[in-house]
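The shown structure was predicted, so the numbers you read here are calculated from the model rather than taken from an experiment. Each ligand, and each atom within it, is numbered from 1 in the order the structure gives. For the numbers below, each heavy atom of this structure counts, side chains included, while hydrogens, waters and symmetry mates do not. Residues take their numbers from the sequence shown, with the count starting at 1.
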Amino acid sequence: MNDNRAIHRAAEIIRQGGIVAFPTETVYGLGADAFNPLAVARIFEVKRRPYFDPLIVHVAHPADLEKLVKEIPSHAKKLTKRFWPGPLTVVLPKKKEIPDIVTAGLPTVAIRMPRHQMALSLIEQTDSPIAAPSANPFGYLSPTTAEHVREQLGDQVDLILDGGPCPVGVESTIVSFLAERPRLLRSGGVSLEEIESFIGKVEVGPTEESMPSAPGMLPRHYAPRTPIILDRWENPLKSYKEGKIGFLMFREPEKSFKFDHVEVLSKKGELREAAANLFSAIRRLDALNLDLIVAEPVPEVGLGRAIMDRLRRASGDRFVDSSLGSE
Ligand code: TXA
Ligand code: MG
């Protein structure tokens with residue numbers, strides 16, 4: 001099937017209440033018609049996702065935002081104007097038409113317009129917003145290729161649209177606009193610095209109120225099967241002499257580095273490239289039946305915040321070298 005026919009077919013499936021995995025610029029999503037509660041329920045089933053974890057609603061036009069939320073504060077307008085289409089999700093008071101299952105009963109809804117032609121065409125042809133979490137079993141790493149989705153959810157979804165590897169590679173940045181000052185709920189593809197350069201200072205981190213029980217905020221999430229620790233590569237070697245260790249390096253290691261299982265996120269140490277490779281690299285290491293993955297910390301600026309956030313959660317925040325700090 002060529003792309004256009006596949007998108008056409010995918011839209012038809014969603015209109016009829018099915019679920020489709022599709023590429024976005026961040027990660028692959030598993031989508032259903034946001035106005036079809038039964039179809040949305042199937043997403044929760046397939047992912048084994050708890051019903052208290054709300055989904056992001058994806059739209060194809062900035063103007064669609066107005067149809068889904070009660071009001072749009074000026075800061076939210078500014079940000080969507082600048083970053084849509086793109087890896088920014090805004091949380092706003094929802095209109096009552098949005099089914100409760102999408103928002104886990106919250107009075108708010110998370111919305112974004114992806115920067116991926118296939119995703120946009122799919123939403124447009126479906127002629128309805130698409131509710132979609134990342135297309136992975138609950139708690140595991142998000143998929144950044146169609147192959148990742150096939151491996152883990154293949155026979156349970158009605159169709160997988162293949163748009164190649166996701167260019168950004170980490171999920172969208174989530175900003176909530178419920179209080180006076182905007183609040184960053186999840187770091188992601190748009191950096192905190194970029195956001196603050198447009199709307200000034202924002203609060204950082206979820207609160208009980210802004211995120212009642214969001215598992216994306218659980219200490220262990222976005223996790224591979226293999227235990228993963230964040231540390232300088234030399235440190236754990238003494239204690240794991242017998243075990244098989246894999247290394248997730250931020251940049252090309254020095255010449256003296258002679259180990260078998262090494263993934264380099266970006267030869268030159270560029271954060272953008274590192275983010276795009278992150279989940280694929282962890283998956284490759286996870287497939288090797290190692291005893292441990294040692295991940296090298298990356299600088300915590302720009303996209304580095306999202307990378308470190310995912311690495312900390314993948315590690316369950318265990319064994320983190322105290323000198324590296326932790327949120
Ligand atoms: O890049 C992305 O955002 C990807 C692609 C597919 O768009 N989607 C994604 O969805 O990462 P998911 O479901 O894996 O993560 C969405 C996060 C969850 O942690 C959820 O708790 C939070 O968004 N969320 C959704 N609705 C919310 C709301 N009303 N208030 C606060 N958080 C919300
Ligand atoms: Mg997810």
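- Of all the atoms in ligand 1, the ones that sit under 4.0 Å from a non-hydrogen atom of Leu106 are 28 (C), 29 (N), 30 (N).
- Taking CD of Gln16 as the start and CG of Asp158 as the end, the distance is 10.0 Å to the nearest 0.5 Å.
- Which of Pro143, Ser134, Ala119, Gly29 comes nearest to atom 14 (O) of ligand 1 through a heavy atom is settled by distance: it is Ser134.
- Asn289 CG: 12 or fewer foreign heavy atoms inside a 6.0 Å radius.
- At a 4.0 Å cut-off, not a single heavy atom of Lys94 sits close enough to ligand 1 to count as contact.
- Within the 4.0 Å heavy-atom cutoff, Val27 counts among the residues contacting ligand 1.
- Each of the atoms 28 (C), 29 (N), 30 (N) of ligand 1 lies under 4.0 Å from some heavy atom of Thr108.
- Around atom 20 (C) of ligand 1, the closest heavy atom drawn from Val170, Val91, Asp53 belongs to Asp53.
- Of the polar atoms of Thr24, none of the N or O atoms is found under 3.5 Å from an N or O of ligand 1, judged by distance alone.
- There is a side-chain donor-acceptor pair under 3.5 Å between Arg186 and Ser172.
- Side chain to side chain, Glu171 and Ser134 fail the donor-acceptor criterion of an N or O pair below 3.5 Å.
- Ligand 1 places these atoms under 4.0 Å from at least one heavy atom of Thr26: 1 (O), 2 (C), 4 (C), 5 (C).
- Side-chain contact check for Glu194 and Ser191: at least one donor-acceptor pair (N or O, by modelled atom type) lies under 3.5 Å.
- Within 6.0 Å of atom CZ in Arg9, 12 or fewer heavy atoms from other residues, nucleotides or ligands are found, so the atom counts as exposed in its surroundings.
- Considering backbone and side-chain N/O atoms, Glu171 never comes within less than 3.5 Å of an N/O atom of ligand 1.
- Looking at Lys47 next to ligand 1, no N or O pair under 3.5 Å apart turns up.
- By the neighbour-count criterion of 12 heavy atoms within 6.0 Å, atom CD of Glu97 is densely surrounded, having more than that number from other residues, nucleotides or ligands.
- The contact set between ligand 1 and His58, taken as ligand atoms under 4.0 Å from a residue heavy atom, comprises 5 (C), 6 (C), 7 (O).
- Taking CD of Glu71 as the start and CG of Leu92 as the end, the distance is 8.5 Å to the nearest 0.5 Å.
- His8 NE2: 12 or fewer foreign heavy atoms inside a 6.0 Å radius.
- The part of Leu185 lying near ligand 1 is the side chain, judged by heavy-atom distances below 4.0 Å.
- The Mg ion (ligand 2) lies at 2.8 Å or more from every N, O or S atom belonging to Ser142.
- Applying the 4.0 Å criterion to heavy atoms of Pro133 picks out, from ligand 1, the atoms 10 (O), 12 (P), 13 (O).
- Inspection of the Thr24 and Thr26 side chains reveals an N or O donor paired with an N or O acceptor under 3.5 Å.
- The shortest N/O to N/O separation between Ser172 and ligand 1 falls below 3.5 Å.
- The only member of Thr108, Ile101, Leu106, Asp100 that meets side chain to side chain contact (heavy atoms under 4.5 Å, CB included) when paired with Pro54 is Leu106.
- Under 4.0 Å from ligand 1, the heavy atoms of Arg186 that appear belong solely to its side chain.
- With a heavy-atom cut-off of 4.0 Å, Arg49 touches ligand 1 through its side chain alone.
- Atoms of ligand 1 lying under 4.0 Å from at least one heavy atom of Ile174, given by number and element, are 17 (C), 22 (C), 23 (O).
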